Amino acid sequence: MTQTRVRLWTVNEYHRMFATGIITEDERVELIDGQVIPISAKNPPHAATTLCASDYLKRLLAEVALVRVQDPIQLSQYSEPEPDIAVVRIDLRKYIDHHPAPNEIFLLIEVADTTLDTDRKQKAPLYAKAGIADYWILDVNQRQVYIFREPDLEGYNEEFILQEDATLSLIAFPEIEIQISQLFP
């Protein structure tokens, strides 16, 4: 059997692909474990949920964190995903010189309508490996939230699902109560 070697791209090479036009700004892609992966199209329920959740979190966390929407984060030299929502440490310069790194990230959120399987099986291990302590998936279809916590190199050791009528808090801000119903339109 012939083994094919896969060439993995670094974040710097990925950025050069944009700078030279190999990848255009119109292409919706992200760098995951050295591979350039297309991002799914955003249909109206996905877009509405992302907007609703990000607006709610911005109000709740205004004084303690910055809420970024569909912007890159840099997890390693080979991964620069674009989660739907990233709750990150406040940076007075708004991350003008770098994308948030794992030590600056409090919470990552993916919104899933058609991507629940990918968000659970591809994104969760990626985020866990980077040490992201708090990862949520907003399931648009069931109006529930998958919560992933206690990361290690193999994945998350804690996973649970909360229904729309529940409340929860970020690990980083346990004093701030989040009503799950407010995350959805």
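Note that the structure is a prediction, hence the values are computed from the model and not measured. As a basis for the values below, the full set of heavy atoms in this structure was taken, side chains included, without hydrogen atoms, waters or symmetry mates.
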Would His46 and Thr114 count as a side chain to side chain contact (heavy atoms under 4.5 Å, CB included) if you check the C-alpha gap in whole Å, the side-chain angles of each, and the deciding distance to 0.1 Å?
-> CA-CA 9 Å; His46 183 286; Thr114 62; over 6 Å; no
Is there a side-chain contact between Tyr127 and Pro83 (heavy atoms, below 4.5 Å)?
-> yes
Between CD of Glu150 and CG of Asp134, what distance do you get to the nearest 0.5 Å?
-> 11.0 Å
Are Ile161 and Val111 joined in one hydrophobic group, where the rule is that I, L, V, M, F, W and Y side chains link up if heavy atoms are under 4.5 Å apart?
-> no
Quick check: are there more than 12 heavy atoms from other residues, nucleotides or ligands sitting under 6.0 Å from NZ of Lys129?
-> no
Is the backbone N or O of Thr118 less than 3.5 Å from a side-chain atom of Thr115, with the two atoms forming a donor-acceptor pair by type?
-> no
Side-chain donor-acceptor contact under 3.5 Å, Gln163 with Gln144 | yes
Which value, rounded to the nearest 0.5 Å, describes the distance between Glu164 atom CD and Ile180 atom CD1?
-> 9.0 Å
Flag the pair Leu31 / Val36 as yes when at least one side-chain heavy-atom distance between them is below 4.5 Å, and no otherwise.
-> yes
Minimum heavy-atom separation for Pro72 to Pro100, with atom names?
-> O-CD, 3.7 Å
Are any side-chain N or O atoms of Arg89 and backbone N or O atoms of Asn103, one a donor and one an acceptor, separated by less than 3.5 Å?
-> yes
Could you state whether Val145 and Ile132 fall into the same hydrophobic cluster, counting links through intermediate Ile, Leu, Val, Met, Phe, Trp or Tyr residues with side-chain heavy atoms under 4.5 angstrom apart?
-> no
When rounded to the nearest 0.5 Å, the distance separating CD of Gln122 from CD of Glu110 is 9.5 Å
What's the verdict on side chain to side chain contact (heavy atoms under 4.5 Å, CB included) for Ile176 and Leu170, showing C-alpha distance, side-chain angles and the deciding distance?
-> CA-CA 7 Å; Ile176 298 174; Leu170 280 74; over 6 Å; no
Mutual orientation of the aromatic rings belonging to Tyr95 and His98 [parallel < 30°, tilted 30-60°, perpendicular > 60°] | perpendicular
Please report the shortest heavy-atom distance between Gln179 and Tyr56, naming the atom on each side.
-> N-OH, 3.0 Å
Is the number of heavy atoms from other residues, nucleotides or ligands under 6.0 Å of Glu154 CD greater than 12?
-> no
Flag yes if more than 12 heavy atoms outside Arg7 fall under 6.0 Å of its CZ atom; otherwise flag no.
-> yes
Measure the spacing between CD1 of Ile39 and CD1 of Ile32 and express it to the nearest 0.5 Å.
-> 8.0 Å
Tell me, with the steps shown, if Val6 and Leu8 meet side chain to side chain contact (heavy atoms under 4.5 Å, CB included).
-> CA-CA 6 Å; Val6 175; Leu8 301 179; 4.0 Å; yes
Exercise: identify the closest heavy-atom pair between Ile171 and Pro174 | O-CD, 3.4 Å
Heavy-atom distance under 4.5 Å between the side chains of Phe184 and Thr49, does that happen here?
-> yes
Check the hydrophobic clustering (I, L, V, M, F, W, Y; side-chain heavy atoms under 4.5 Å; chains of links allowed) and say if Tyr156 and Ile147 are grouped together.
-> no
State, yes or no, whether a side-chain contact exists between Asp84 and Lys42 at a heavy-atom distance under 4.5 Å.
-> yes
Write down the atom of Ile73, the atom of Ala86, and the distance for their closest heavy-atom approach.
-> CG2-CB, 4.2 Å
Under a 4.5 Å cut-off applied to non-hydrogen side-chain atoms, are Phe148 and Lys123 in contact?
-> no
What distance do Leu57 atom CG and Leu183 atom CG have between them, rounded to the nearest 0.5 Å?
-> 6.0 Å
Could you give the distance from CZ (Arg149) to CG (Leu168), rounded to the nearest 0.5 Å?
-> 6.0 Å
Do the side chain of Thr24 and the main chain of Gly21 share a donor and acceptor less than 3.5 angstrom apart?
-> no
4.5 Å side-chain heavy-atom contact, His99 and Arg68 | yes
4.5 Å side-chain heavy-atom contact, Tyr146 and Leu116 | yes
Are Val64 and Leu66 co-members of a hydrophobic cluster defined by side-chain heavy atoms under 4.5 Å apart?
-> no
Linking I/L/V/M/F/W/Y whenever their side-chain heavy atoms sit closer than 4.5 Å, directly or via other members, would Ile137 and Ile178 fall into one cluster?
-> no
Looking only at heavy atoms, which two atoms of Ala166 and Leu162 are closest? And how far apart?
-> CB-CB, 4.0 Å
Gln142 to Asp139 - nearest heavy-atom pair and separation | N-OD1, 3.2 Å
Do Ile85 and Trp136 come within less than 4.5 Å of each other through their side chains, counting heavy atoms only?
-> no
Trace of the side chain to side chain contact (heavy atoms under 4.5 Å, CB included) decision for Phe18 with Val29 | CA-CA 11 Å; Phe18 281 100; Val29 295; 3.9 Å; yes
Ring-ring centroid check Phe106 Phe173, cutoff 6.0 Å = yes
